[in-house]
There are 2 protein chains.
Amino acid sequence: MRPHDSPEIRHLPLFRDMLQASYDALMHSTQTERFAAGGELIRQGDPADFLHVVLEGAVELYARWEGRETTMAVVRPVGTFILAACIRDAPYLMSARILEPARVMRIPASDLRAVFRRDPEFAVSVIQELAGAYRAVVRHAKGLKLRTSRERIASYLLRQSRQAGDADSFVLPVEKRLLASYLGMTPENFSRALRALEPEGLRLDGLRVTITDRARLMDVARPDWLIDGPDPEGASAGASLPPVAAPG
Amino acid sequence: MRPHDSPEIRHLPLFRDMLQASYDALMHSTQTERFAAGGELIRQGDPADFLHVVLEGAVELYARWEGRETTMAVVRPVGTFILAACIRDAPYLMSARILEPARVMRIPASDLRAVFRRDPEFAVSVIQELAGAYRAVVRHAKGLKLRTSRERIASYLLRQSRQAGDADSFVLPVEKRLLASYLGMTPENFSRALRALEPEGLRLDGLRVTITDRARLMDVARPDWLIDGPDPEGASAGASLPPVAAPG
DNA sequence: CGAACCCTTGACAGAAATCAACTAAGGTGG
DNA sequence: CCACCTTAGTTGATTTCTGTCAAGGGTTCG
């Protein structure tokens, strides 16, 4: 089975409603490649040539400026990224590197643009995807501006718990240093702030987190629909490990 | 002339390519109202009933959480906001209040959704609008995470200068306290940081800012296409006074 | 004329970044 | 298989930055 025929891709919110002919057209020049950890997939500033779909592994989206670097999102299967740049035919605002050995599908941006002009159903899907992605970034920005780092960590942990099916115990999906960057702080600060949350109903063991007093943690985090998102309304599928923030 | 027929609206990037019939359908139930300064237009958490178009005046988009508040954008004529919420039929993530006495057009969200399903040209326009808006917020988030407040202020001033036609002297478009909030700091800090930029080639007089040494200021700001945006690619028309961040 | 309100400034407290050192775990190559 | 190297994570000490509290000047608007 060619990867293109995988129902996992065909059934992505972005692709599931389009005509078969359109889908075939999209996949016509699409290539799937494997990448080793650490590899650079795209670099910010480069022209947006391909829409990327992560089939296996994990990809980090990050931004650089004047030597500083910050993680914007982690995309896991099956998720897409840099849709917006492809649509506007504009330079990538973010870079992407392989976090875990990955298989990635690359759909030519020109095909993408051609297809949503011909297939109204696909156009509607793109609209939904972009609107969700937009809202996801707005939520992220709200969290950064309205919450302290302590509160961001606490609410992140609660989101992870919810994603694990409201489990009290779960494993952080990525390195702590990456999480720190995603949440907008240094690794040192993250370490300390996380430690400081232990008395608030938390037990820590490496990457494993156990919530021992949910009420107390919620009292710190004060979770809010309009920031933490009740729904994975944004982001196609797996773009939400750092919970949210999707296509670039 | 009814406001709907105004070429200013019809020629917005969002509306200019749609069929006349679609446009008429959109405008059919659309109402235009005047609002006094300070009035609440929409409240975060409310269901998204209307796409808003600012015809006159100025509207502030802001977010609230646990008593704290932050400005997300200022929309001026002719700009739209909360497109994404309308499309997803989801609650507003931001509130809107009148900054300067305004005339605002409200397009029922249900009509909006119906029309872009029927008119592929309009769908494409919505896609472009959303992709631009998405990129605008990503830039904003990058600025918040990668730059210090001093750097954010300096680069904001350079953006304003550019927007004024690369003029060395210009007037800040909004209150300083609002600017501070938009840039992610307290008014006190903004005041101090702005003051501290004077030796870096700046002269201040109330809301008027004069750049006396552009090279020096650029050395502080280190402007970057991928954050400051070379192009007003996002945001329909006037959504860019705090330069960027558009429809919610 | 008074009441808000914006802006600024100062003093202070709290938060976060930085610098540095140390541990532990994982991977590499001998 | 072990020694070594790299790197994530932690912790401490310190500095820098930012928010908070408080007060005063200036302006606008009722």
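Residue numbering restarts at 1 for every chain, and letters A, B, ... go by the order of the sequence lines.
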Worksheet entry | Partner set under salt bridge (charged side-chain N to carboxylate O under 4.0 Å, His left out) for Arg214(B), not counting sequence neighbours | Asp168(B)
Worksheet item: Tell me: CD of Glu151(B) to P of dC17(D), nearest whole Å?
Response: 10 Å
Worksheet item: Do Val104(A) and Glu33(A) have side chains that get closer than 4.5 Å, going by heavy atoms?
Response: no
Worksheet item: What string of B, S and - do you get for nucleotides 22-30 of chain D 5' to 3' if you count protein non-hydrogen atoms under 4.0 Å?
Response: ---------
Worksheet item: What residues form a side-chain contact (heavy atoms from CB on, under 4.5 Å) with Glu66(A), not counting sequence neighbours?
Response: Arg222(B)
Item to complete: Classify the ring geometry between His140(B) and Tyr182(B) as parallel (under 30°), tilted (30 to 60°) or perpendicular (over 60°).
Response: parallel
Worksheet item: Is any side-chain N of the basic residue among Glu69(B) and Lys145(A) closer than 4.0 Å to the acidic one's carboxylate O?
Response: no
Worksheet item: Taking the side chain as C-beta and beyond, is there a heavy-atom pair between Phe170(A) and Leu157(A) under 4.5 Å?
Response: yes
List, one per line, each side-chain donor-acceptor pair under 3.5 Å for residues 191-199 of chain B, sequence neighbours excluded.
{"residue": "Arg195(B)", "atom": "NE", "partner": "Glu198(B)", "partner atom": "OE1", "Å": "3.4"}

Worksheet item: CD1 of Ile153(B) versus C1' of dT18(D): gap in Å, rounded?
Response: 12 Å
Worksheet item: Should Glu40(B) and Ile42(B) count as side-chain neighbours, where that means a heavy-atom distance under 4.5 Å?
Response: no
Discussion item. I need the CZ-C1' distance between Arg177(A) and dA17(C), as an integer number of Å.
Written reply: 16 Å
Worksheet item: When you measure from the side chain of Asn189(A), which nucleotide among dA17(C), dC6(C), dT18(D) comes out closest?
Response: dA17(C)
Practice prompt. For the residue pair Val59(B) and Val74(B), establish whether any side-chain heavy-atom pair is separated by less than 4.5 Å.
Written response: no
Practice prompt. Take atom CZ of Arg150(B) and atom C1' of dG19(D), then tell me their distance rounded to the nearest Å.
Written response: 19 Å
Fill in: Polar side chain donor-acceptor pair, Arg64(B) to Ser95(B), under 3.5 angstrom
no
Response to the item:
Here the residues of residues 192-207 of chain B within 4.0 Å heavy-atom distance, strictly under, of DNA chain D are Arg192(B)
Worksheet, complete the sentence: From CG of Leu144(B) across to P of dA16(C) the rounded distance in Å is 15 Å
Fill in: N/O (side chain, Ser149(B)) to phosphate O (OP1/OP2, dT18(D)) under 4.0 Å
yes
Worksheet, complete the sentence: Met185(A) CE to dT18(C) P, in whole Å, measures 14 Å
Fill in: Value in whole Å for how far the C1' atom of dT18(C) lies from CZ of Arg68(A)
13 Å
Worksheet item: Taking CZ from Arg208(A) and C1' from dG9(D), how many angstroms apart are they, rounded to a whole number?
Response: 18 Å
Fill in: Overall bend - the helix from dC1(C)-dG30(D) to dG30(C)-dC1(D), comparing terminal axes fitted on five pairs, nearest 10 degrees
40°
Discussion item. Taking only side-chain N and O atoms of Ser191(A), does any of them lie within less than 4.0 angstrom of OP1 or OP2 on dG9(D)?
Written reply: no
Worksheet item: Quick one: does Asp219(B)'s side chain get under 4.5 Å of Leu217(B)'s, heavy atoms only?
Response: no
Worksheet item: For dT18(D), does OP1 or OP2 lie under 4.0 Å from any side-chain N or O of Thr186(B)?
Response: no
Fill in: Contact check, side chains of Met218(A) and Glu200(A), non-hydrogen atoms, under 4.5 Å
no
